[in-house]
Amino acid sequence: MKKPSVELRLPILPNMELIATQTAEVISRHMNLTDDQAGEISLALIEACINAFEHSKAENNVFINFLIEDDSLVIKVIDQGIGFDKTKVEIPKIENKIGKDERKRGWGLQLIQELMDSVEFESTDEGTTVTMKKNIKQ
Amino acid sequence: MSDFITTIKENNSIVIIETNGYLNNVGGEAVSAVVYEKMAQGQTKFLINMAGTKIVNSIGVSILIEIIEKLQEVNGKIGYYNLAPIVAKTFNIMGLTKYSTVYETEEAAVNEL
């Protein structure tokens with residue numbers, strides 16, 4: 001049987017990421033995820049959406065697919081922007097930001113990777129797909 | 001006052017800012033505006049009661065890093081209490097807890113800050 005899925009198409013407007021988190025909360029409850037897991041999914045989703053909205057320079061919509069598996073929730077955040085090279089993204093450290101001229105932002109990928117069980121990035125100059133997975137802990 | 005900030009009060013020379021809603025760039029700037037205004041009046045200790053803030057993003061939290069940096073220039077301090085677990089975890093991942101403190105309660109925060 002085909003696994004259940006939910007698809008969202010978000011316009012690039014302020015705070016549209018909250019639509020994605022509301023959907024994630026409903027799905028998390030459906031899957032009986034813990035509050036901590038639901039919070040981690042929401043924050044990772046926010047960061048992935050912000051990256052798609054701001055850094056991809058995408059002009060169209062951002063697409064989000066939630067795939068409900070037996071033992072995990074898989075979320076794909078897809079934009080049609082300019083793409084990025086993950087190897088050129090530095091791991092942020094607060095020690096390098098406090099008291100230095102370095103900009104304070106740039107935490108999105110780090111948060112996504114810390115909060116989800118696995119994360120994959122596929123990026124070309126025609127767009128980026130971030131695939132994030134949260135395993136269900138029984 | 002911004003919708004994000006519900007009250008500003010003082011307790012034992014500490015400015016306590018209560019927030020409500022999403023800590024994004026707008027929320028972060030609302031907090032920094034209050035802190036910088038109070039710093040200009042000579043205040044150096046700040047607490048944020050985040051009971052009403054269940055969700056944040058890294059841009060809003062980055063503005064708290066800017067506030068920490070400004071406070072270091074005047075030997076000031078900032079702390080937080082009533083954090084949702086995901087907010088506390090975010091502060092840990094981003095390293096805010098190396099330069100500021102998360103407290104369990106207002107009483108503990110006021111006594112220890």
Side-chain angles (χ1 to χ4, degrees), chain A residues 13-25 28 33-55 77 89-117 119 130 134, chain B residues 2-4 19-32 35-36 50-78 80 82-102:
Chain A
L13 294 171
N15 293 339
M16 282 296 130
E17 66 274 18
L18 296 182
I19 292 176
T21 64
Q22 288 166 7
T23 304
E25 285 169 15
S28 295
L33 300 183
T34 65
D35 289 345
D36 282 353
Q37 286 178 310
E40 290 164 0
I41 291 166
S42 287
L43 188 62
L45 193 47
I46 282 174
E47 296 301 326
C49 286
I50 289 173
N51 281 347
F53 292 164
E54 292 200 345
H55 304 311
V77 179
V89 179
E90 287 186 21
I91 297 172
K93 288 187 177 173
I94 194 166
E95 294 86 348
N96 297 334
K97 293 180 181 288
I98 293 262
K100 310 256 173 78
D101 286 337
E102 188 172 324
R103 72 189 193 113
K104 311 307 178 214
R105 291 175 55 174
W107 295 90
L109 296 186
Q110 175 80 353
L111 282 167
I112 293 167
Q113 289 177 312
E114 292 270 357
L115 294 170
M116 299 300 279
D117 290 313
V119 186
V130 180
K134 178 65 89 177
Chain B
S2 154
D3 289 345
F4 182 71
T19 65
N20 184 54
Y22 183 27
L23 175 58
N24 57 4
N25 59 321
V26 176
E29 284 165 8
V31 173
S32 67
V35 171
Y36 298 156
M50 302 188 71
T53 293
K54 305 299 182 194
I55 194 113
V56 300
N57 71 28
S58 61
I59 302 172
V61 180
S62 295
I63 294 172
L64 298 182
I65 296 175
E66 293 174 1
I67 293 172
I68 291 169
E69 188 174 57
K70 292 271 187 200
L71 282 168
Q72 283 189 337
E73 295 170 6
V74 295
N75 281 329
K77 288 182 178 176
I78 189 167
Y80 329 90
N82 286 337
L83 268 62
I86 185 59
V87 177
K89 187 162 192 172
T90 304
F91 282 16
N92 264 323
I93 293 170
M94 292 178 64
L96 272 76
T97 46
K98 295 177 183 174
Y99 294 89
S100 54
T101 308
V102 175

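Just so it is clear, the values below take in all heavy atoms, side chains as well, and ignore hydrogens, waters and symmetry mates. Chain letters run A, B, ... following the sequence lines, proteins first, then strands; residues in each count from 1.
When each of B/I59, B/I63, B/L96 is scored by its heavy-atom pairs under 4.5 Å with chain A, the top score falls to B/I59.
Residue contact with chain A, scored on non-hydrogen atoms closer than 4.5 Å, involves the backbone and the side chain of B/V56 alike. Of the two parts of B/I55, only the side chain, counted from C-beta on, holds a non-hydrogen atom closer than 4.5 Å to a non-hydrogen atom of chain A.
In this structure, A/L115 CG and B/I93 CD1 are separated by 4.0 Å, a value rounded to the nearest 0.5 Å. One distance of note links CD1 of B/I65 with CD1 of A/I98; it measures 6.0 Å at 0.5 Å rounding.
With contacts defined as side-chain heavy-atom distances shorter than 4.5 Å, the pair A/I94/B/M94 does not qualify.
Surrounding CD1 of A/I91 are at most 12 heavy atoms belonging to other residues, nucleotides or ligands under 6.0 Å away.
A/F53 is linked by a ring pair (Phe, Tyr, Trp, His ring centres under 6.0 Å) to nothing, counting only residues two or more places apart in sequence or in another chain. Scored by the side chain to side chain contact (heavy atoms under 4.5 Å, CB included) test, B/A88 finds B/L83 as partners (sequence neighbours excluded).
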Taking donor and acceptor roles from the modelled atom types, list the N and O pairs under 3.5 Å across chain B and chain A.
| unit_1 | atom_1 | unit_2 | atom_2 | d |
| --- | --- | --- | --- | --- |
| B/Y22 | OH | A/E17 | OE2 | 2.6 |
| B/N24 | ND2 | A/N15 | OD1 | 3.0 |
| B/S58 | N | A/E47 | OE2 | 2.7 |
| B/S58 | OG | A/E47 | OE1 | 2.6 |
| B/S58 | OG | A/E47 | OE2 | 3.3 |
| B/S62 | OG | A/K104 | O | 3.2 |
| B/E69 | OE1 | A/K104 | NZ | 3.1 |
| B/E69 | OE2 | A/G99 | N | 2.4 |
| B/E69 | OE2 | A/K100 | N | 3.4 |
| B/E69 | OE2 | A/K104 | NZ | 2.9 |
| B/K89 | NZ | A/E40 | OE2 | 2.7 |
| B/K98 | NZ | A/E95 | OE2 | 2.7 |

